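Structure record follows, encoded as structure tokens.
Numbering of residues begins at 1 and proceeds along the displayed sequence. Just so we're clear, the structure is a prediction, and the values are computed from it rather than from any experiment.
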Amino acid sequence: MKYLCLVHCDEAVIRTMPPDELRALNEESMAYDRELETSGHFIAAEALESVASAKVVQVRNGKRSHVDGPYAEAREQLGGFILIEARDLNAAIQIAGRIPMARYGAIEVRPIEIIGNTEGNTACDTFA
């Protein structure tokens, strides 16, 4: 089953890290991606640019609007993701717990829903 590991962190903490510490964190993160590739768990991973570059798009009454993001005000922001393959949620949680950025923020683990599966559909599933 596929799981999306959303990496949340406080950008201010990352911005104030000494360059050598940030470089080491990035190297450790890339090494963990390679480890996940080797074990067959890795599908994709990307870091996101700062929330200062985010836009939130909405359509209401047929009119599109956009505002500067992020969507919600929070101390921690979405900073990236890792899409993994794991046998179940417990395995995905174990994998997420080893993501280096977990030491600086939080990793939200979300199962990928198979479109067309009528069990567990949410209000956001109207596009299916």
Side-chain angles (χ1 to χ4, degrees):
M1 184 165 189
K2 293 178 184 170
Y3 294 87
L4 184 62
C5 300
L6 298 165
V7 179
H8 298 273
C9 61
D10 184 343
E11 285 188 3
V13 170
I14 303 303
R15 278 194 310 268
T16 60
M17 289 176 80
D20 58 333
E21 189 177 334
L22 182 59
R23 187 173 30 262
L25 176 61
N26 287 335
E27 289 171 2
E28 184 181 5
S29 295
M30 297 301 290
Y32 188 57
D33 288 352
R34 288 189 301 275
E35 182 182 324
L36 291 175
E37 277 183 296
T38 300
S39 67
H41 295 290
F42 184 87
I43 297 172
E46 295 291 342
L48 300 176
E49 290 189 11
S50 169
V51 295
S53 66
K55 301 293 182 204
V56 177
V57 177
Q58 293 182 321
V59 177
R60 298 292 185 267
N61 298 318
K63 291 187 177 191
R64 179 186 50 89
S65 66
H66 71 275
V67 296
D68 291 341
Y71 181 72
E73 292 296 320
R75 188 176 61 97
E76 294 181 337
Q77 299 86 27
L78 180 60
F81 71 89
I82 303 176
L83 182 60
I84 62 169
E85 182 78 35
R87 75 177 174 279
D88 58 29
L89 181 58
N90 288 331
I93 290 168
Q94 294 299 314
I95 291 168
R98 295 184 55 217
I99 295 172
M101 284 298 297
R103 294 192 309 265
Y104 299 92
I107 310 299
E108 179 182 349
V109 178
R110 302 274 301 268
I112 299 296
E113 182 176 343
I114 299 169
I115 301 299
N117 178 2
T118 57
E119 293 181 32
N121 285 350
T122 67
C124 293
D125 294 331
T126 55
F127 63 88

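Judged as a side chain to side chain donor-acceptor pair (under 3.5 Å), and not counting sequence neighbours, His41 has no contacts. Shown here are the salt bridge (Lys or Arg N to Asp or Glu O under 4.0 Å) partners of Asp68, two or more places apart in sequence or in another chain: Lys55. By the side chain to side chain contact (heavy atoms under 4.5 Å, CB included) test, Val59 is found to be paired with Arg64, residues two or more places apart in sequence or in another chain being considered. With sequence neighbours excluded, the residues forming a side chain to side chain donor-acceptor pair (under 3.5 Å) with Ser50 are Glu11, listed by chain and number.
Within the structure, salt bridge (Lys or Arg N to Asp or Glu O under 4.0 Å) contacts touching residues 36-45 (residues at least two apart or in different chains) do not occur. Sorted by first and then second residue, the pairs that involve residues 17-33 and meet salt bridge (Lys or Arg N to Asp or Glu O under 4.0 Å), not counting sequence neighbours, are Glu28-Arg103. Listed by first then second residue, pairs satisfying salt bridge (Lys or Arg N to Asp or Glu O under 4.0 Å) with a partner in residues 82-101 read Glu35-Arg98, not counting sequence neighbours.
Closest approach of Ala86 to Ala92, counting heavy atoms only: CB-N, 3.8 Å.
Cluster partners of Leu83, by chain and number: Leu4, Leu6, Ile43, Leu48, Leu78, Phe81, Ile112. The rule joins Ile, Leu, Val, Met, Phe, Trp and Tyr whenever side-chain heavy atoms lie under 4.5 Å apart. Leu22 belongs to a hydrophobic cluster whose other members, connected by ILVMFWY side-chain contacts under 4.5 Å either directly or through intermediates, are Met1, Tyr3, Val7, Val13, Ile14, Met17, Leu25, Tyr32, Leu36, Phe42, Ile82, Ile84, Leu89, Ile93, Ile95, Ile99, Met101, Tyr104, Ile107, Val109.
Across Glu76, Glu108, Gln77, a single residue satisfies side-chain hydrogen bond (donor to acceptor under 3.5 Å, both in side chains) together with His8, and that is Glu108.
Side chain of Asn61 to backbone of Lys63: no donor-acceptor contact under 3.5 angstrom is found.
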